[in-house]
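The residues of the chain are indexed from 1 along the displayed sequence.
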Amino acid sequence: MTRLASAHDSLKAHYDAIIVGSGYGGGVAASRLARAGKRVAVLERGREVATGEFPARFPDLKSEMQIRGRKMSSGPETALFDVRLGEDMHVLVGCGLGGGSLVNAGVALRPDQRVFADEVWPGQIRQDGTLDEGFRRAQTWLAPATDPRAAEMTKYKVLEAAGGAVGHTTVATSVAVSFEDRINAAGVHQPACTRCGDCCGGCNVGAKNTVALTYLPDARHHGAELFTHIKVRHITRDADGSWRVIFAVLSEDGHAVLREGQITAGIVVLAAGTLGSTEILLRSRARGLAVSDRIGKRFSANGDIIAFGWGAKPVIDAVGVGHPARVEGREIGAAVSGHVEIRDPANLSNELNVQEGVLPSAIAPALPIMFIPNGRLLGALQSLIKGVYNGPFAHLQTFFAVSHDTAAGTFRLDGDRLALSWPGARDEPVYQRLDATLNALVAQTGGSYVKNPLAGTVMGHQPATAHPLGGCGMGAERSDGVVNHKGQVFDAAAGRGSTDVHAGLYVVDGAIIPRSLGCNPLLTITALAERAMIHMAADLGLSFLAGGDA
């Protein structure tokens, strides 16, 4: 398979545009600016993982874990799964060429329109019509679809029965997965999904419509240069107005820094994710960059929870079988095939989206160990004997649920590392609503609700999120945001106006979203990135239409 990443010795001293990060926001920016004829460099901290190289065994999965906390640090900085242990909340994100798209569930839903009616957004988001165009372009490139056989999957049937018993309707979920062989918008061939269930461990089939199979190949085809193992530290402004990006080159195994370096560009797009972009801007401010005092504010966990139902009477089949399949003839479905939408027309905050989920096959051998600390010793030991596909773990339910929180978290620098503070996060009302709903659903299957099987271990009792948002939130002016509606970073230097920006400096990822979305954020992040690029094209006189409609 042709690799997207280039060797470090081909990295030039200057580019027209530097994209920091390669997830949904970075992929969009790289594709569009390369199509516009700009000389583009994409800098990614993680490594390139090609189809067929994602961890298929538990030892491989262990080596793809990086865990950082105030009291511990383990694993290489280039590992695929990036776990941040916080005093108030834990965060799990993806790390690699393609960002979180490599290991997320691929759920692609558009938020309730009331989300964007919130005055926390700049008015232009609602008013100028480009958000709808952003969503249209995101839909074209990510091509989300519902599994035409979703209702046949066992996990879907169980959720449908349980949801119906408590008055909720289950619907097929739109996911960024190809269920038929196809040539995608980037001209890349993708085989059909085998319904192996390994989306969240990395798709070894090539059916998941990741950024690494869509926007990034398009960017490279149009001349962008992509580099992995490069961790950006901070940015500064040169006297001539260009931006200087200071970075570290990481070793192949991700355990050491080989050298420091810096390159310049007229345009810098920070797209390193909520954690990465916020950390880079905080470091840059500490070194003199005039940024809004709102930097680090309004962190949202997107009302997120991953929870389990133990001991259900029916077989669930919610552990992936992988590709090639560990268990022949068994179809699990995509990581999410169906979900229950709980609506409240009077109060958006009360709405919930509960999805049936799948744990990837590589984690299967560790499941009995994970569930022993919480009193399920007998069943866990039985699974050690029978195997997780036929013992008690065949009855395990996994739930991915999202809702709305108060976005009251705050990022700061602790030394030179990002730290999250959210006192009272565990008491957010959303978790009580989610607990009540999941308890009711699990009870219908005859099981018991398990909020966190690792409670009491290093994970403690803090909530965790896989959908971090905010930290560089949008605002109408610098007193209420870090960036404007276009993703341009406000200039907080003395004498500058309240809406003045740093020319050529953008943030285009989940960090700019100033509140919870109530659904998985990938489609919205992509749409906002497409929208930002529409405005950049208009401001700079660029055209992205080379090679077809953008």
Note to self: Between Asp88 and Ser421, is the side chain to side chain contact (heavy atoms under 4.5 Å, CB included) condition met? List the steps.
What the structure shows: CA-CA 6 Å; Asp88 304 310; Ser421 176; 4.1 Å; yes
Next item on the list: Please assess His467 against Asn520 for the test side chain to side chain contact (heavy atoms under 4.5 Å, CB included), listing each intermediate value before the final yes or no.
Entry: CA-CA 7 Å; His467 298 147; Asn520 306 54; 3.4 Å; yes
Notebook entry, point to check: Going through the distances and angles, do Ile513 and Thr274 end up as a side chain to side chain contact (heavy atoms under 4.5 Å, CB included)?
Noted result: CA-CA 9 Å; Ile513 296 176; Thr274 290; over 6 Å; no
Notebook entry, point to check: Which is it for Ser10 and Phe227 under the side chain to side chain contact (heavy atoms under 4.5 Å, CB included) test, yes or no, and what are the steps along the way?
Noted result: CA-CA 9 Å; Ser10 64; Phe227 301 93; 3.4 Å; yes
Checklist line | salt bridge (Lys or Arg N to Asp or Glu O under 4.0 Å) between Arg220 and Glu48, intermediate numbers included | finding: CA-CA 14 Å; Arg220 190 176 187 276; Glu48 182 173 7; over 6 Å; no
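Here the closest non-hydrogen pair linking Tyr389 and Arg330 is O-NH1, 2.8 Å. Nearest approach of Thr173 to Val336, heavy atoms of both residues: OG1-CG1, 3.6 Å. Contact detail for Arg426 and Tyr431: the closest heavy-atom pair is O-CD1, 3.9 Å. The two atoms that bring Cys472 and Ile295 nearest to each other are SG-CD1, 3.8 Å, heavy atoms only.
Screening Leu80, Val103, Asn204, Thr210 against Val49 for a side chain to side chain contact (heavy atoms under 4.5 Å, CB included) leaves a single residue, Leu80.
Around the CD atom of Glu180, the shell of radius 6.0 Å holds no more than 12 heavy atoms that belong to other residues, nucleotides or ligands. The neighbour count for Glu252 CD, taken as heavy atoms of other residues, nucleotides or ligands under 6.0 Å away, does not exceed 12. Within a 6.0 Å radius of CZ in Arg417, other residues, nucleotides and ligands contribute 12 heavy atoms or fewer.
Using a 4.5 Å cut-off on side-chain heavy atoms (C-beta onward), Leu250 and Val257 make contact. Looking at Arg195 and Phe179, their side chains come closer than 4.5 Å, going by heavy atoms from C-beta outward. Annotation: side chain of His8 is in contact with side chain of His229 (closest heavy-atom distance under 4.5 Å). Contact of the Val358 side chain with the Cys200 side chain is not registered, since no non-hydrogen atoms from C-beta on lie closer than 4.5 Å. Within the 4.5 Å cutoff, the side chain of Ile305 has no heavy atoms near those of the Pro463 side chain. Side-chain atoms of Arg283 and Asp416, non-hydrogen and from C-beta on, do get closer than 4.5 Å to each other. Between Leu33 and Ile19 there is a side-chain heavy-atom pair separated by less than 4.5 Å.
If you take CZ on Phe399 and CD1 on Ile306, they are separated by 13.0 Å, rounding to the nearest 0.5 Å. To the nearest 0.5 Å, atoms CG (Asp147) and SG (Cys193) are separated by 6.5 Å. Separation of atoms CG (Leu4) and OG (Ser22) is listed at 9.5 Å; rounding is to 0.5 Å.
Ion pairing between a basic and an acidic side chain is recognised when a charged N comes within 4.0 Å of a carboxylate O; Arg45 and Glu279 show no such pairing. Comment: Arg32 engages Glu530 in a salt bridge, judged by a side-chain N to carboxylate O separation of less than 4.0 angstrom.
In this structure a side-chain-to-backbone donor-acceptor pair under 3.5 Å is present from Lys208 to Ser101. Looking only at distances, no side-chain donor or acceptor of Asp509 sits under 3.5 Å from a matching main-chain atom of Ser277. At distances below 3.5 Å, not a single donor-acceptor pair connects side-chain atoms of Asn302 with backbone N or O atoms of Pro468. At distances below 3.5 Å, not a single donor-acceptor pair connects side-chain atoms of Gln397 with backbone N or O atoms of Val442. Of the possible polar contacts, one joining the Ser63 side chain to the Asp60 backbone as a donor-acceptor pair under 3.5 Å is found.
Within the 6.0 Å centre-distance limit, the rings of Phe393 and Trp310 are counted as a close aromatic pair.
Ring geometry, Trp141 versus Tyr215: the interplanar angle falls under 30°, so the pair is classed parallel (tilted spans 30 to 60°).
A side-chain donor-acceptor contact under 3.5 Å links Ser361 and Asp198.
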